[in-house]
Structures are given as C-alpha cells and as structure tokens.
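Just so it is clear: chains get the letters A, B, ... in the order the sequence lines come, proteins before strands, and each one is counted from 1.
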There are 2 protein chains.
Amino acid sequence: MKEKTIVKTTSERALDAAEALFAKQGIRATSLREITELGGINIAAINYHFRSKEALVRAVYERSFHALNDERLRLLDEAERAASGEPLTIEAILYAFFEPMVRAWKENPNFILIVGRLQHEPDPELSAFIQNLYADLIRRFLAAAARALPGYPEADLFFWVHFLFGGVVYTLLASQDIPHYHQGRNLLETPDDFLKRLIRFGAAALRDQQGTGVRPRQLR
Amino acid sequence: MKEKTIVKTTSERALDAAEALFAKQGIRATSLREITELGGINIAAINYHFRSKEALVRAVYERSFHALNDERLRLLDEAERAASGEPLTIEAILYAFFEPMVRAWKENPNFILIVGRLQHEPDPELSAFIQNLYADLIRRFLAAAARALPGYPEADLFFWVHFLFGGVVYTLLASQDIPHYHQGRNLLETPDDFLKRLIRFGAAALRDQQGTGVRPRQLR
DNA sequence: GTCTATAACCTGATAGAC
DNA sequence: GTCTATCAGGTTATAGAC
C-alpha cells in the first residue's frame, strides 16, 4: 500500500497545469507540451494517464464540476427545507445557483473560466458530454423556479437563467479587459458584492417579465 | 480601370469563407487551408492580400464592425433628437445598442458570433485592437445612460451593460445548444421578440439597482 | 509509471514561375 | 494577382527501453 503523500501525483500535476493553461489561453491554444513543461511531467506520461488530449480536457472538467454542482443542489435542498413546502423566492434560487460559482471562482478562478471556454468549443461530442452533466441540475432548478414564479413559461425561465449564467461567465472571462474599457470600480474585485448585486439584478429582471411570456408588452 | 463586377473578388471570397468558418469553429480551430478550400482560393493568395492569418482575422472583424457601430450611434442620435434635450429612457438606450446587434445577427449570424469568440481570444494585441474600436461607442452610450439613471455610479452602469452584452453574445453562441438543455420555445427563434424582451429584462434590472451602487441592500 | 526517440501529420508562411 | 512547391516548425500519439 502506498502512503498518502503531500507531494502531488503525476496525474494531479498534469490536471493542475492543464487547468491553469486552459483557463488562461483556451483549450486549443494550449499544447500538451506546454502542460508537461509547466507541470514538470513527461509527454508520454500524459498519454499513459489520460489516453488523449480530449480525455484530459474532460478529466479537468469533471474534477471540479461535480463538487460545484453538488454544492448548488445542497444549497437548494437547504433552502427548500427552510421553506417547509412553500415556494422559494427567486432570490433564494439564484443564490443557490450562483453562490457556489462565485465562491469557486474566488477560490480558484481557473475552473470557472474553463466552464466558459468549453461551452462554445465546436466539438459536438464535447458539447454532448457537457449537456449530460447538466441535465439533473437543470431539472431541479427549473422546477423550483417554476414554483417561485408561477405563470412564467418554463422555456422562458430556462432561457433567461441561462442568459444570466452566460452574462456571468462572459464577465468573468473578460475580467482582465474590463478596466481597459472603463476605469473605476469593477464589481469583480469584491466578489461578495458582485454576488449580491447579481441576485438583485436577476431577480428584478425575472420578476418584471413574469406573465409577459406569451405576449410581451409593447416597448413604449 | 476595372469595371465593377458581380463576381466577388478573391479577397472578398476569402473574407466570406473566413467569417463563416471562424464563426462556426472559432479562430484557432480554423486553418487557412480550410478557408482556401471553402472559398476556392489559393493559400498564397491569402498571404498576398492579407499578409498573415492574424491580419485576416482583423480584416474580417473590421469589415462588419464599423457598419454595426455606426448604426448604433445613428439610433442614439435619433433618440436624442427626438427627446430634444431631455434624458433618454434606459429602454431607448438599450434599444439603440442592441437593435443593430440583433438585426445583424438575424441577417447574418456569423459576424456577431465572431464578436463573441474574439472577445476572449488570449492574444493581448488583438484585445487591444478590439478595445480601441469600442472606445468612442462606450463614451457616448455611457454618457446617455448616466443621464437616464442619475445617481447610478458610471462604473456600475458600465459593468451591468457589459454584463447584458455578455449575456447576449453568450446566448447567441449557445443558440444551437439551448434546445438540448430544454426543449420548448427558444426566444432566439423570434429575434424581434427576443429584442423586446431583452430590453425589458435589462431595463428592469438596471432600474432596480439604481441608487444601490455604493451600498447594496441586504439580500433578504 | 516514466522515460527517449520517433512517427505521421498539420500548421502558417514564402520563394519563384507565370 | 495567382499559381506550385516547399520550408521550418509545431502538433498529438505511440513504440519500446528501463
């Protein structure tokens, strides 16, 4: 039997290096050789542990994805227990969805950035892989949201929460660029603030649209 | 002197092919050889007309960018003339910003998708190139928005409009995937509807946050 | 499990003929 | 302006020694 050691294993070092480089540069822009260099690994070892670059990408994704989503579901369960059968507020639902995401980003920005980058990778197998990972989560959150905002068509509910998710990952990916577009306070510098404001922002927008799903009112 | 011909020039065919492939696959995932194949061009001709792949990317971007932003500014001017000195509504500002974008996407999805893809390309020179293109536009729209929502800190105003922009391009890039996550009506199938709802969504969210910039209220 | 060496291939760019 | 042919260098993946 091996003892647990403080030193990381080769495959952990590979995952760490890949995660950092994928987040910073994107997946296609990162070669296995850069990963081996950063991680102090041999290129053949990557193939031994992961079989291919694509499998390494999935391994990086899965390593952090499950913990993130379990935490989201845990917060949702907790909120539902506290509400003892009553519908949740949309704020509570947005909190359960985004709090783990913002916290994960605060603790280690790399994984959340990869989520954003991977989402638009044009590989259909990779897309299907990701879509499957989200299926349960979406079902649970959509059911809760439908109770929070009765009368709001589920498809629209999904659309706008997905939209908010997109705004978040886009913004996090652009966090380096924001100061170049506008100097001054950047909410991402205070993640807890950002989360609070995000929930207000999303809740106000979703509430305002409640009931307008089928026939949106005129613009003016 | 050459006559104007209906047949497209080589460099136009190159731009068309590059635009289509960049939009579908991303920039790094598209090789010059794929572009030459799709456009029926020779690889040396690309280098003759554009010098390098990076220059071709910029040429694709600039070909459509100016028309889009000129239209945004034209709509803003028009709205300001109609308001004759009074502050605009935030709805009118969002309309001027997003209407040309949604319409451009409706007419030819490719360019808008490239805007989204290029934004997160890790090349710092490319980022600077894009940031410069946006400088004037941001100044004009931010000034109008600051009058529409007095008391709202400009940095936060920028942050949240940028957030909405991110939500839009993220959603457009994901338009193929949305049906896999949730079957049912997808707002992108009715772009005019999407635009109206987007403006409502953004206006409600921005108005709700007005005045909360410095000290966001408690969550519950 | 980890290494060296190498295969097989694709990339952007260019020289030089036409 | 457009072609063919080619260069120099990068890519992933793997065979085989240790």
Trainee: What integer distance in Å separates A:Leu56:CG from D:dA13:C1'?
Mentor: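 Distance, rounded to whole Å: 14 Å.
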
Trainee: With respect to the side chain of B:Ile43, which nucleotide from C:dT14, D:dA13, C:dT2 is positioned closest?
Mentor: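 The closest nucleotide is C:dT14.
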
Trainee: For residues 15-26 of chain B, which residue pairs pass the salt bridge (charged side-chain N to carboxylate O under 4.0 Å, His left out) check, not counting sequence neighbours?
Mentor: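 Of all non-adjacent pairs touching residues 15-26 of chain B, those that pass salt bridge (charged side-chain N to carboxylate O under 4.0 Å, His left out) are B:Lys8-B:Asp16, B:Asp16-B:Arg63, B:Glu19-B:Arg63.
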
Trainee: More than 12 non-hydrogen atoms from neighbouring residues, nucleotides or ligands closer than 6.0 Å to CD on B:Glu37, yes or no?
Mentor: no

Trainee: Atom CD of B:Glu37 to atom P of C:dC10: distance rounded to whole Å?
Mentor: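 In whole Å, C:dC10 P and B:Glu37 CD are 12 Å from each other.
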
Trainee: Write down the distance between CG (A:Asn47) and C1' (C:dG1), rounded to a whole number of angstrom.
Mentor: 13 Å

Trainee: Scan nucleotides 9-11 of chain D against the protein and return all N/O pairs shorter than 3.5 Å with their distances rounded to 0.1 Å.
Mentor:
from   : atom 1 : to      : atom 2 : distance (Å)
D:dT11 : OP1    : A:Ser31 : OG     : 3.0

Trainee: What are the residues of residues 12-24 of chain A, sorted by number, that bring a heavy atom to within less than 4.0 Å of DNA chain D?
Mentor: none

Trainee: Nearest-Å distance, CZ (B:Phe50) to P (D:dT2)?
Mentor: 11 Å

Trainee: Distance alone, cut at 3.5 Å: any donor-acceptor contact between the side chains of A:Arg197 and B:Gln209?
Mentor: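 Note: A:Arg197 and B:Gln209 side chains meet the donor-acceptor criterion.
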
Trainee: With under 30° as parallel and over 60° as perpendicular, where do the rings of A:Phe159 and A:Phe163 fit, or are they tilted in between?
Mentor: parallel

Trainee: Would you say that A:Asp193 contacts A:Arg185 through its side chain, given a criterion of any heavy-atom pair below 4.5 Å between the two side chains?
Mentor: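 Yes. Closest side-chain heavy atoms under 4.5 Å.
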
Trainee: For A:Arg58, does the CZ atom have more than 12 heavy-atom neighbours from other residues, nucleotides or ligands under 6.0 Å away?
Mentor: yes

Trainee: Collect all protein-nucleotide pairs involving nucleotides 15-17 of chain C in which both atoms are nitrogen or oxygen and the distance is under 3.5 Å.
Mentor:
none

Trainee: Above 12 or not: heavy atoms from other molecules or residues under 6.0 Å from CZ of B:Arg140?
Mentor: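 Enclosed: over 12 neighbouring heavy atoms sit under 6.0 Å from CZ of B:Arg140.
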
Trainee: At less than 4.0 Å, is any side-chain N or O atom of A:Thr10 found next to OP1 or OP2 of C:dT2? Yes or no.
Mentor: yes

Trainee: Mind calculating the distance between CG (A:Asn42) and P (D:dA13) to the nearest angstrom?
Mentor: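 These atoms are roughly 14 Å apart.
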
Trainee: Which nucleotide, D:dA13, D:dC3, C:dG1, lies nearest any side-chain atom of A:His49?
Mentor: C:dG1

Trainee: Holding to side chain to side chain contact (heavy atoms under 4.5 Å, CB included), I want the full list of residues that pass it with B:Asp70, two or more places apart in sequence or in another chain.
Mentor: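 For B:Asp70, no residue satisfies side chain to side chain contact (heavy atoms under 4.5 Å, CB included) once neighbours in sequence are set aside.
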
Trainee: Would you kindly give the CD-to-P distance between B:Glu54 and C:dA13, to the nearest whole Å?
Mentor: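 Computing the B:Glu54:CD to C:dA13:P distance gives 9 Å.
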
Trainee: Assert yes or no for the condition that the ring centre distance of A:Phe194 to A:Phe201 is strictly below 6.0 Å.
Mentor: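 They do not qualify: ring centres at least 6.0 Å apart.
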
Trainee: Given atom CZ of B:Arg51 and atom P of C:dT14, what is their separation to the nearest angstrom?
Mentor: 8 Å

Trainee: Got a sec, which pairs hit ring-ring contact (aromatic ring centres under 6.0 Å, His included) with one end in residues 108-132 of chain A, sequence neighbours left out?
Mentor: A:Tyr61-A:Phe111, A:His120-B:Tyr170

Trainee: How about A:Phe165 and A:Phe158: are their ring centroids closer than 6.0 Å?
Mentor: no

